[in-house]
Amino acid sequence: MSEINQAAQSDVESQTDEPKRIPQPDKITNKDLMKSWFGWWWANEVNHTFDRMLAPAFCFGLIPALKKLYKDHDELAKAFQRHLLFFNTQATWGGGTLTGVTISLEEARAKAMANGEQPISEDMINNTKVGLMGPLAGIGDSIDSGTVQYIFIAIFLPFAQKGNFLGALLPFLCFAIATFTYGYYFTKLGYSLGRAAAKEIMTGGRMAGIIDGLGVLGLYMMGILAGQYINIKSYFKFTINDKTFDIQQILNTILPGILPLTAVLLLYLYFQKQGLKITRGLLYLTGALILLSIFYII
Amino acid sequence: MSEINQAAQSDVESQTDEPKRIPQPDKITNKDLMKSWFGWWWANEVNHTFDRMLAPAFCFGLIPALKKLYKDHDELAKAFQRHLLFFNTQATWGGGTLTGVTISLEEARAKAMANGEQPISEDMINNTKVGLMGPLAGIGDSIDSGTVQYIFIAIFLPFAQKGNFLGALLPFLCFAIATFTYGYYFTKLGYSLGRAAAKEIMTGGRMAGIIDGLGVLGLYMMGILAGQYINIKSYFKFTINDKTFDIQQILNTILPGILPLTAVLLLYLYFQKQGLKITRGLLYLTGALILLSIFYII
Amino acid sequence: MSEINQAAQSDVESQTDEPKRIPQPDKITNKDLMKSWFGWWWANEVNHTFDRMLAPAFCFGLIPALKKLYKDHDELAKAFQRHLLFFNTQATWGGGTLTGVTISLEEARAKAMANGEQPISEDMINNTKVGLMGPLAGIGDSIDSGTVQYIFIAIFLPFAQKGNFLGALLPFLCFAIATFTYGYYFTKLGYSLGRAAAKEIMTGGRMAGIIDGLGVLGLYMMGILAGQYINIKSYFKFTINDKTFDIQQILNTILPGILPLTAVLLLYLYFQKQGLKITRGLLYLTGALILLSIFYII
Amino acid sequence: MHVTLSVWQALLIAIWVALVESRILGFATLTMRFSPLMTGMMVGIIMGDLKSAMIVTAAIQLVYMGFVAPGGALPAEPAIATAIAVPVALLGHMSPQGAIAIAVPVGLLGSYLYQFRFFLNTFALKPMDKFAAEGNARGLRLSIMGIPTIISFLLFIPLIFIALYFGAPVISGVVSNITHGTVIHVLNSVGGGLAALGIAVIMQVIGKQKLLPFFFLAYFMSVAFAKLQINMTIYAIFGTIFAILYVMFTSNRASDKA
Amino acid sequence: MHVTLSVWQALLIAIWVALVESRILGFATLTMRFSPLMTGMMVGIIMGDLKSAMIVTAAIQLVYMGFVAPGGALPAEPAIATAIAVPVALLGHMSPQGAIAIAVPVGLLGSYLYQFRFFLNTFALKPMDKFAAEGNARGLRLSIMGIPTIISFLLFIPLIFIALYFGAPVISGVVSNITHGTVIHVLNSVGGGLAALGIAVIMQVIGKQKLLPFFFLAYFMSVAFAKLQINMTIYAIFGTIFAILYVMFTSNRASDKA
Amino acid sequence: MHVTLSVWQALLIAIWVALVESRILGFATLTMRFSPLMTGMMVGIIMGDLKSAMIVTAAIQLVYMGFVAPGGALPAEPAIATAIAVPVALLGHMSPQGAIAIAVPVGLLGSYLYQFRFFLNTFALKPMDKFAAEGNARGLRLSIMGIPTIISFLLFIPLIFIALYFGAPVISGVVSNITHGTVIHVLNSVGGGLAALGIAVIMQVIGKQKLLPFFFLAYFMSVAFAKLQINMTIYAIFGTIFAILYVMFTSNRASDKA
Ligand SMILES: OC[C@H]1O[C@H](O)[C@@H](O)[C@@H](O)[C@@H]1O
Ligand SMILES: OC[C@H]1O[C@H](O)[C@@H](O)[C@@H](O)[C@@H]1O
Ligand SMILES: OC[C@H]1O[C@H](O)[C@@H](O)[C@@H](O)[C@@H]1O
């Protein structure tokens with residue numbers, strides 16, 4: 001089975017000191033940023049799944065940019081792969097900004113590889129995404145979905161109440177135009193912030209420290225997400241002569257949160273031993289969840 | 001405008017390795033401690049403001065001691081200035097103790113400067129005050145205002161209820177005498193503890209570490225105080241066709257505590273760029289607060 | 001008075017670089033593990049006290065193993081002493097496992113001493129016990145007392161309700177046999193895990209770091225236990241002319257948890273100054289507690 | 001309620017719902033999904049009574065005012081609710097209140113359908129990963145956009161069509177049957193557990209085992225402080241602070257100037 | 001309530017209040033401010049009916065028993081309440097309960113007045129800073145003690161005098177007008193925000209940018225744990241522990257003996 | 001209730017209780033102590049009416065279903081309760097419900113007795129420490145098992161015997177007298193405070209003063225977060241994380257490969 005366990009290998013490669021030489025990348029223009037922003041905007045929640053969340057859309061958006069940056073086929077494939085991993089954020093504040101930031105970091109990486117310099121590592125790109133996606137999602141959901149959307153709806157609601165179709169069309173159009181516009185602005189902003197950061201990183205000679213720091217942040221955020229997104233609890237209760245035994249309650253006195261953690265750690269160890277065989281992991285996990293839940297064990 | 005931005009500069013100076021030579025200080029006697037304690041006691045809440053709290057009274061109390069320690073005019077002025085910055089604590093447990101501690105540290109600093117040795121830095125003096133003032137305030141308020149005061153009132157209340165003026169006079173006198181007495185005791189205690197600590201610091205050769213540690217404590221306590229004392233929230237709500245948008249609620253989903261933090265950070269950055277122009281900062285801040293609150297934005 | 005303050009001295013000794021030479025220990029067999037497990041199982045809560053909790057039983061269980069390991073009389077005595085200090089855990093999950101782990105560590109220590117190598121220190125043995133006993137207690141109480149026990153009772157309860165004595169006998173027998181069996185299994189598991197760990201520690205050359213780390217964990221858990229097990233609060237209230245003063249409430253505004261902490265710190269300082277005179281500490285503490293509680297001060 | 005929709009009307013409405021729920025119209029479909037308004041308008045056009053449709057829809061809108069879906073879960077699917085409730089209301093000449101009574105349970109069921117879509121989408125991941133590994137941009141694009149769209153169409157069009165064509169009674173029966181059954185339980189459990197995969201993958205990709213303590217620190221902070229409902233941004237700030245301190249404490253440049 | 005105070009009586013009481021509220025009599029004025037007793041005694045002496053005044057005052061005392069003002073905010077100003085309520089009670093031959101009914105709203109308004117004083121005092125800071133920079137001890141002393149005292153006198157004497165001389169009805173009107181108005185809102189907002197200045201100054205003075213993470217750590221701990229109402233001393237202990245660990249981890253003496 | 005037990009019956013039951021409560025029969029005595037069943041059976045055998053005894057006991061069992069004793073404190077002592085209540089019920093021909101009414105207060109008092117045992121056991125510690133210091137295994141064994149057993153026998157046998165022989169009324173009088181008195185208060189206080197000793201000893205033995213900040217960190221975390229009732233295992237995980245980070249930050253191998 002053709003699994004993407006090269007990701008794990010490429011990771012190792014990126015830490016050795018002999019970076020691969022690749023052809024010079026093309027320059028990233030505003031048009032490219034617009035293409036990427038539009039790609040993300042369009043694909044946004046189309047391929048939403050529980051285990052990758054919005055990563056496919058993120059990768060979809062980056063395709064044109066990555067093709068300009070990585071003329072080397074292998075590197076292009078690896079870039080595709082690394083942007084297909086678990087990713088979730090809000091569309092404009094999160095996705096716009098991170099599209100820009102990611103393109104700038106990929107550009108710096110591609111350039112360094114072309115020049116035979118020590119490139120920004122995949123880790124750094126991943127951890128930056130992972131560290132920022134959560135808080136930006138919170139901000140974006142609150143503002144876009146929670147406020148901007150309902151402001152427009154509230155303004156035009158009286159039209160609808162009177163039976164006028166503008167009460168439906170205008171909120172939609174206003175929301176679509178407003179968010180598309182500032183989302184693109186965030187993309188450009190992210191790109192220029194990312195460029196500045198990339199330059200700072202590559203000249204500052206503090207790369208190792210920054211990678212570690214981003215690793216801390218990334219793993220920390222994964223811990224928080226695991227605590228908040230994964231929802232596995234035991235529904236298993238049994239009653240013997242009127243005395244009820246509630247497994248989840250017993251688990252709570254032992255270690256609250258033990259089931260979600262176990263799931264993550266089992267998968268982590270599986271990948272650790274077998275390489276990053278995501279599809280298999282998905283099959284096993286789904287199978288286990290279905291089996292356990294059919295019998296109401298979870 | 002004659003601003004006290006020298007404070008910031010003197011700070012830099014105190015970290016360079018060439019301390020300034022100043023005349024030998026006079027010896028601090030018990031009488032001096034009594035003078036300082038009385039000064040603080042008297043001025044205590046007279047010049048209470050929101051942005052300096054009780055600092056003026058603290059400086060007022062130190063004046064006689066500082067005059068004996070810094071025969072050098074510039075150093076005296078700088079000493080005055082550094083004790084006029086934000087300071088708040090309870091009068092006896094906090095103020096008494098810190099008056100003593102501060103005099104002992106200032107004495108050690110003045111002596112070292114006179115002898116051409118590496119003096120205790122301004123940072124260390126500031127951070128010691130800042131780190132201790134909060135907890136001592138809690139202790140003191142609880143004991144003096146919350147307990148001692150009401151014990152005396154409760155004891156003599158029946159006099160008042162029968163119309164006897166001793167029911168008013170005695171609680172006041174008892175409270176005044178008791179607190180004055182043990183406050184002076186705390187001043188002397190603080191002074192001798194401070195002397196011991198100063199000696200330990202100056203001979204231990206661990207000054208740099210201690211300054212950093214006190215800096216950590218100081219900044220940590222400022223963070224706590226910022227979280228608990230600064231009270232800025234948005235009152236801005238608007239209703240469009242019956243749907244209400246509450247800005248503070250939206251801000252809470254983005255980042256609770258964002259407004260007080262923004263205020264502190266803006267001021268911090270202003271001082272960072274423009275030097276420590278406190279009066280201007282005060283004017284801008286007050287102006288902004290008035291403007292925003294008049295329109296019920298905050 | 002013959003106090004066991006040698007414990008403190010031996011501690012110092014174990015950190016110097018010249019370990020004492022002792023005779024080669026005998027090999028630990030499965031039979032020895034069974035003897036120790038049975039000893040702990042039998043003595044378990046017989047000598048339960050507030051200040052040592054189940055330590056005597058733990059030591060009791062270890063006696064046969066320790067006698068095979070320490071042919072040197074002094075070292076044997078010291079081993080006895082170190083396993084008589086405060087220890088509390090659940091019988092099977094905690095006590096079984098830790099009996100095994102401790103024997104393996106003691107064995108490694110004895111062997112190293114016999115071979116003139118740097119032995120595993122007493123600290124490391126103590127901290128391992130102390131760090132693991134709390135969580136294992138939680139797990140064990142929840143499973144053995146809270147679940148397994150009541151499952152058996154619930155199953156056979158109808159017998160009892162019909163007046164059949166099997167309703168009493170069977171739950172007891174099932175519980176006794178089940179727990180004895182898996183407790184022994186945990187002992188063997190603990191022993192082999194401990195052996196692996198001991199080998200890893202002794203060859204890895206990272207002993208100092210591990211001792212420090214275990215010290216952190218040990219002291220951390222002591223802090224948690226102090227916060228949760230020690231229950232000292234002031235019951236002292238007085239009312240003057242209808243105004244009530246509640247000392248515990250006042251203490252809470254000053255520093256919640258101050259009384260238990262004071263008790264621990266006073267004892268700690270006492271031992272620091274006077275050596276580890278446990279019996280005296282016990283006498284003073286009990287005396288103080290009785291005196292204070294008779295007058296309802298605590 | 002004896003008058004029904006024509007086949008074409010039912011089909012058109014079903015297609016509209018599939019367009020919205022597949023999200024194929026881009027991010028802004030979000031507001032079509034969260035709000036009943038656009039769906040109400042389309043139904044009105046299709047049924048030839050735009051005015052009445054808008055009035056009923058406005059009433060439904062009030063019920064769903066303020067819904068947000070952080071992390072994917074919307075408590076109800078207003079667009080689906082509307083697509084069913086408005087026709088029923090128009091045909092049966094019901095009051096807006098009556099329409100709401102139909103909309104609420106349908107919206108709830110819709111929410112399960114939408115989550116079922118997440119689950120079905122996982123079938124698109126395998127070809128996607130393959131194309132990515134091959135560096136095949138065309139295939140990648142297709143698998144990201146094409147397959148999930150087809151899935152959504154196959155899921156929503158028949159269901160909505162049947163529901164509309166055979167009427168409301170059928171629906172409410174189905175609703176109550178399904179929501180209490182094992183199917184929903186399994187769906188919920190799988191949905192609740194699948195995020196573990198993505199997280200484990202990222203952990204693997206970050207790949208620094210020595211930093212795993214920070215994962216555990218975060219996990220158990222979020223468990224221990226669950227009752228305090230601490231905001232994600234605050235956790236991110238804590239994470240950043242720990243990252244900075246980690247770098248400080250493991251580098252040897254600590255005594256530099258401030 | 002048709003009998004009123006003489007000009008002199010009203011003036012003397014107003015001066016007393018100004019003395020107490022300006023805090024110019026030293027720290028022990030605190031108990032004069034927190035408790036109505038001394039003010040009641042003075043009013044009794046001035047009005048020539050010490051006994052009745054004390055009895056009314058004792059009743060008022062019970063209301064304010066146990067008030068504390070950590071960080072400056074007292075929920076009511078008992079001295080001001082007493083200065084108004086006792087004369088009204090004595091002149092109108094009211095019961096102590098009647099006096100309490102007057103005292104409570106006046107005490108509340110007094111609390112705003114006292115906070116307004118904090119605000120006015122900021123005007124004394126500019127000359128104070130100037131004298132300090134010049135090393136002028138005399139000027140410094142004057143600006144610290146003199147200006148705020150004058151401010152308090154100008155604030156309290158006229159207000160209290162007018163209130164006493166024109167009687168209670170005026171006061172209660174004013175009270176209700178002001179407490180709901182924009183003036184109080186602005187005052188509260190400015191008061192709530194000004195502490196930011198002092199804190200920013202201290203941060204600047206501590207001056208170690210690399211240590212700022214500890215500021216943020218503390219700030220967001222205090223925000224995230226707000227519901228737990230963690231005691232300031234506990235936070236200070238946490239701060240101390242972090243400080244010690246920081247020094248441990250950044251120095252290279254870590255492997256020393258204990 | 002005029003019929004009483006014979007001396008031998010009372011004595012045998014008392015001895016049984018002492019065996020259970022002394023815990024001398026090994027860990028599995030736990031379930032004899034937590035559950036009334038075995039005690040009920042023994043009482044039935046001794047009194048010659050096993051069947052009735054079992055029925056009454058089964059009723060009592062329901063009251064104590066689910067009791068756990070983390071850290072030593074069981075809210076009631078079911079074995080003692082049963083030893084008193086079942087004979088009284090059998091002799092008085094009471095209903096199981098009547099027996100429960102007697103069992104509950106007795107169980108409560110029993111819990112105090114059991115804790116008093118912890119206190120008396122401290123007398124065994126001195127000889128134990130002596131034998132340990134001498135490396136005397138025999139003496140050590142004896143002091144660990146022998147003395148506490150004797151103490152428990154001396155404590156429980158007379159008390160239970162008297163209670164059974166002189167009947168239930170005496171007991172209930174004693175119960176209510178003692179539970180509200182100073183004796184219990186002192187016992188509680190001493191019990192609550194003695195754990196401080198063991199903890200201080202361990203701290204001394206760990207002996208690394210430089211690591212004390214972690215003790216304080218933990219103590220004040222447990223105080224500050226008391227309301228969140230954080231699980232002990234979670235705290236242990238935090239402790240482990242801090243330990244790992246401590247080692248990371250104080251060693252100089254930080255920049256190694258993961
Ligand atoms: O919370 C971030 C993000 O989570 C999911 O992907 C969806 O619910 C989005 O609508 C949301 O913006
Ligand atoms: O809380 C410390 C301190 O804060 C303010 O300065 C005043 O309220 C004082 O009375 C109090 O003692
Ligand atoms: O909680 C661990 C442990 O604590 C005490 O020693 C007793 O209550 C035991 O029964 C329990 O298992």
Side-chain angles (χ1 to χ4, degrees), chain C residues 4 11 41-42 44-51 56 60 63 73 76-77 80-81 84-86 91 126 134-135 138 141 145-146 149 160-161 163 165 168 172 175-176 209 213 215-224 226-227 229-232 256-257 263-264 267-268 271 279 285 289 293 298, chain F residues 23-24 26-28 31 35 37-38 41 50-51 54-55 58 68 70 118 121-122 124 126 129-130 132-133 135 137 144-145 148 186 189-208 211 214-215 218-219 222-223 232-233 235-236 239-240 242-243 246-247 251:
Chain C
I4 63 163
D11 189 45
W41 182 92
W42 185 30
N44 183 40
E45 297 195 49
V46 171
N47 197 359
H48 198 166
T49 58
F50 281 118
D51 61 316
F60 185 87
I63 291 175
H73 188 82
L76 181 63
F80 287 165
Q81 289 176 309
L84 287 173
L85 301 177
F86 187 81
N126 282 325
D141 283 345
S145 311
Q149 172 182 213
Q161 282 166 330
F165 76 98
F172 170 70
F175 182 77
V216 168
L217 177 57
L219 284 171
Y220 186 86
M221 289 316 290
M222 283 305 115
I224 297 294
Y229 278 14
I230 311 176
N231 183 12
I232 305 178
V264 174
L267 284 161
Y268 179 80
F271 293 145
T279 312
L285 177 62
L289 290 169
S293 62
I298 58 168
Chain F
R23 308 297 298 268
I24 190 62
F27 164 63
T31 195
S35 155
L37 290 168
M38 287 296 285
M41 184 182 90
L50 189 47
K51 181 161 180 169
M54 284 314 296
I55 292 170
V68 196
F118 294 170
N121 278 347
T122 46
K126 218 180 137 72
D129 286 340
K130 200 180 120 274
I144 291 173
M145 295 295 268
V186 170
S189 297
V190 173
L194 273 183
L197 184 69
I199 290 169
V201 170
I202 298 272
M203 286 168 64
Q204 194 59 40
V205 169
I206 294 179
K208 308 216 173 263
L211 301 182
F214 291 99
F215 171 81
Y219 184 76
S222 111
V223 169
M232 177 73 81
T233 315
Y235 277 129
T240 309
F242 295 153
Y246 178 86
V247 174
S251 67

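Per chain, numbering begins at 1; letters A, B, ... match sequence-line order.
Looking at F/Val223, only its side chain comes within 4.5 Å of chain C, counting heavy atoms on both sides. Heavy-atom distances place both the backbone and the side chain of C/Phe60 under 4.5 Å from chain F. In this structure, chain C has heavy atoms under 4.5 Å from both the backbone and the side chain of F/Ile144. Heavy-atom distances place both the backbone and the side chain of C/Asp51 under 4.5 Å from chain F. Proximity to chain F is limited to the side chain of C/Leu76, based on heavy atoms less than 4.5 angstrom apart. Only the side chain of C/Gln149 comes within less than 4.5 Å of a heavy atom in chain F; its backbone stays farther off. The part of C/Leu285 that comes within reach of chain F is its side chain, from C-beta onward, which places non-hydrogen atoms under 4.5 angstrom from that chain.
Comparing C/Leu219, C/Val264, C/Leu267, C/Ile232 by heavy-atom pairs within less than 4.5 Å of chain F, the highest count is held by C/Leu219. If you tally non-hydrogen atom pairs under 4.5 Å between each of C/Ala77, C/Pro135, C/Ser293 and chain F, the highest count goes to C/Ser293. Contact count against chain F (heavy-atom pairs under 4.5 Å) is highest for C/Ala226 among C/Gly134, C/Gly218, C/Gly146, C/Ala226. Most heavy-atom pairs under 4.5 Å with chain C: of the set F/Thr31, F/Leu50, F/Leu37, F/Thr240, this distinction falls to F/Thr31. Chosen from C/Asn47, C/Leu289, C/Asn126, C/Thr49, the residue pairing most often with chain F at heavy-atom distances under 4.5 Å is C/Asn47.
The side-chain hydrogen bond (donor to acceptor under 3.5 Å, both in side chains) check on F/Thr233 picks up F/Asn231, with sequence neighbours excluded. Partners of F/Ala243 according to the side chain to side chain contact (heavy atoms under 4.5 Å, CB included) rule, which considers only residues two or more places apart in sequence or in another chain, are C/Val216, C/Leu217.
Pairing each heavy atom of F/Ala236 with each of C/Met221, the nearest pair is CA-SD, 3.6 Å.
The shortest distance between side-chain heavy atoms of C/Phe50 and F/Thr122 does not fall below 4.5 Å. Between C/Trp42 and F/Met145 the shortest side-chain heavy-atom distance falls below 4.5 Å.
Note: C/Tyr220 and F/Phe214 fail the aromatic proximity criterion, with ring centroids not under 6.0 Å apart.
Between F/Phe27 and C/Phe175, the angle of the ring planes lies from 30° to 60°, which puts this pair in the tilted group.
Here F/Tyr219 contributes atom OH and C/Ile230 contributes atom CD1; the two are 6.5 Å apart, rounded to the nearest 0.5 Å.
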